[in-house]
Number of protein chains: 2
Amino acid sequence: MPEFEVTPWEVTGVVDYNKLIEEFGTTPLTDDLLKKTEELTKKELPMYFKRKFFFSHRDYDLVLKDYEAGKGFFLYTGRGPSGPMHIGHIIPFFATKWLQENFGVNLYVQITDDEKFLFKPQLTFEGTKRWAYENILDIIAVGFDPDKTFIFQDSEFTKIYEMAIPIAKKVTYSMAKAVFGFNEQSKIGMIFFPAIQAAPTFFEEKRSLIPAAIDQDPYWRIQRDFAESLGYYKTAALHSKFVPGLMGLGGKMSASKPETAIYLTDDPEEAGKKIWKYALTGGRATAKEQRELGGEPDKCVVFKWLEIFFEPDEKKLLERYIACKNGEILCGQCKRYLIEKVQNFLKEHQEKREKAKKEIEKFKYTGDLAREQWDKAIPEPLRK
Amino acid sequence: MPEFEVTPWEVTGVVDYNKLIEEFGTTPLTDDLLKKTEELTKKELPMYFKRKFFFSHRDYDLVLKDYEAGKGFFLYTGRGPSGPMHIGHIIPFFATKWLQENFGVNLYVQITDDEKFLFKPQLTFEGTKRWAYENILDIIAVGFDPDKTFIFQDSEFTKIYEMAIPIAKKVTYSMAKAVFGFNEQSKIGMIFFPAIQAAPTFFEEKRSLIPAAIDQDPYWRIQRDFAESLGYYKTAALHSKFVPGLMGLGGKMSASKPETAIYLTDDPEEAGKKIWKYALTGGRATAKEQRELGGEPDKCVVFKWLEIFFEPDEKKLLERYIACKNGEILCGQCKRYLIEKVQNFLKEHQEKREKAKKEIEKFKYTGDLAREQWDKAIPEPLRK
């Protein structure tokens, strides 16, 4: 049995990210590329990049070259709306927001309600559309530019179907089967879906950059196989590591194990209790032992969450690491610190989420970028 | 080798239509049903029905019952735009027009530019879209009601994608393979297409009636398998025989053999020459022999064309049949008669086709039915 396994459907074990780079054939995100990012944006890098939460890429070097040459690029990411979003889902959106803000580029967010309905036997179409609405609120709450961001649901912005057709003429059943593991019982909608997912990489005649967890990479390999034959760019990607669930560093935070996840709509009080009860730490058996031997922050989910998202302050993070190693702080202290951070985040997020209800129309239909895309989709005699 | 074979892709041999009814498991279009049609419409039946050019059906009896009970029904038909339309393509549209006019029902015409692009390796998307425009002119020229007819191209009225999704969740690769003959090398767009073709049967919450040549029947079998599980009606169908090409009664008029077909855009002069040169008749070796033995109208393409479309007058058709049998007329006379009929038809059609250019917008976007459908497809904030 392998120590860890990463597919678009499942992540198990404690992932060795260097091995993964080799296995997937991607490229490490080097310090040079990060420095270049800093130079071009004239901004200090956010923790997601500085701490190598994003650790791997495809063609990000070319994205930066295109940007430098004035050709520009655009961002593309997405969400499959089959349930509430948790902290693991939203973190890549914050990284994406930083990229949009500091490169000043357009962002397309595909809400794949078609995919989730097709792939989840028990989910109704109405059900996934309701989740789409809920998830869009969370995404808007991150704070994207409403005139440079187009959030679209596949079931609604069906122009995506027309764009998928030339792609669907390039991909054989055999190719799709190899990448996505289809079989005789797969529904024909599932088999077609890879074309729908690749289509947004053609929204502009520029290179698209997809920031997402590395398990999503296989979805883009097909795109990179045929893109140039259709006169488009191979998509670029920035790959993140996984946000672990509360109960262990292995795998990733999973909606199917609710006790390991903090949902964006969780009551902050309840979220605190969940962390207190379930969060795995790198602590020793007793307080005495911990003071003598020191803690193990590298094995600690609490520390990992601080590192990934909840402690943006570099100095404080390092101090905490050392204090733990030296046995100067106990797990309870760290848990309480994380709980406060998470609760503040949730409160703030939930307020923004409430305000997002008024912004949906702009992101989906009437903002500059949304309008531009809909104008391509609606025949002229029917346009407002 | 079978004497004849009928699949959605090919028709070979002289078809035994009674055998076909058995083979396909359809129902003969009885005199009772035709009488009922006459009663309900209070109209004399057109030649297509009277002469049993439409000879078979599925659930047409239920369509008439629904109509009688005030539930109504709607018509659905289509065209795959991969080239110019010929006489064989347009005749079912005339029968459809009669049904629309005399039952006063809505008609949806699906122009499957997606299908043709996907299935024809050498066709470009632009190419099939251009054919869509040309074919739509021919269809409009038939004289449908612009407020009760919605002509839509799949690549443009992409709402069809959303409607296809629940269907595409019902159909497995294995089912699609069995009906359509897909294999490992089939493109994923082809595999999905059956869902797109079935979607218009759900445009209204009434029974849909599809008038089409019987070789298209397999496409609807899948629809009839899952329709009720999605809360819709199994589609009904009226099946026509094939319009033979000029050179023989076997097979059907085919765009791939241009010398056997009369195109709707053919110059009438040239069309006449083609008929004169290529039309197979039931004539004898010599005029003398023919006067003695009589001709064989049942083996004659010229007579068949008169019967199917070009001689609406029952009495005249019968007289010609008898005169031929009795050796009283020669093939040249019949050919000249048909040529005149075809030329008149082409001239009239081509005039109407020219006028259709000004009507396209109404059929596709702004007529009552088109507008109603687009309103469902365009989000409210973007609607005119």
### Summary
Honestly, the part of A/Lys177 sitting under 4.5 Å from a heavy atom of chain B is side chain
### Query
Highest number of heavy-atom pairs under 4.5 Å with chain B: which of A/Ile191, A/Leu382, A/Asp375, A/Thr366?
A/Leu382
### Message
Quick check for you: among A/Ala164, A/Pro121, A/Ala176, which has the greatest number of heavy-atom pairs under 4.5 Å with chain B?
### Response
A/Pro121
### Task
May I ask you to establish whether A/Arg130 and A/Phe125 are in a cation-pi arrangement, using a distance under 6.0 Å from NZ or CZ to the six-membered ring centre and at most 45° from the ring axis?
no
## Note on the structure
Scored by heavy-atom pairs under 4.5 Å with chain A, the best of B/Lys187, B/Met163, B/Gln185, B/Met175 is B/Lys187
#### Entry: Which atoms of A/Ser155 approach chain B - backbone, side chain, both or neither, heavy atom under 4.5 Å
both
### Task
Please say whether the positively charged group of B/Lys159, taken as NZ for Lys or CZ for Arg, lies over the ring of B/Tyr161, i.e. under 6.0 angstrom from the six-membered ring centre and within 45 degrees of the axis.
no
### Task
Can you tell which part of A/Lys129 gets under 4.5 Å to a heavy atom of chain B, answering side chain, backbone, both or neither?
side chain
### Query
Are A/Arg371 and A/Phe150 in a cation-pi contact, defined as NZ or CZ under 6.0 Å from the six-membered ring centre and within 45° of the axis?
no
### Query
Which class fits the ring pair A/Phe119 and A/Phe182: parallel under 30°, tilted 30 to 60°, perpendicular over 60°?
tilted
#### Entry: A/Glu205 atom CD: more than 12 heavy-atom contacts under 6.0 Å
no
### Query
Given a strict heavy-atom distance threshold of 4.5 Å, which part of A/Ile378 is in contact with chain B: side chain, backbone, both, or neither?
side chain
#### Entry: Polar side-chain atom of B/Gln110 near backbone of B/Pro200 as donor-acceptor pair, under 3.5 Å
no
### Task
Find the one option among A/Ile196, A/Ile160, A/Asn183 whose heavy-atom pairs under 4.5 Å with chain B are most numerous.
A/Ile196
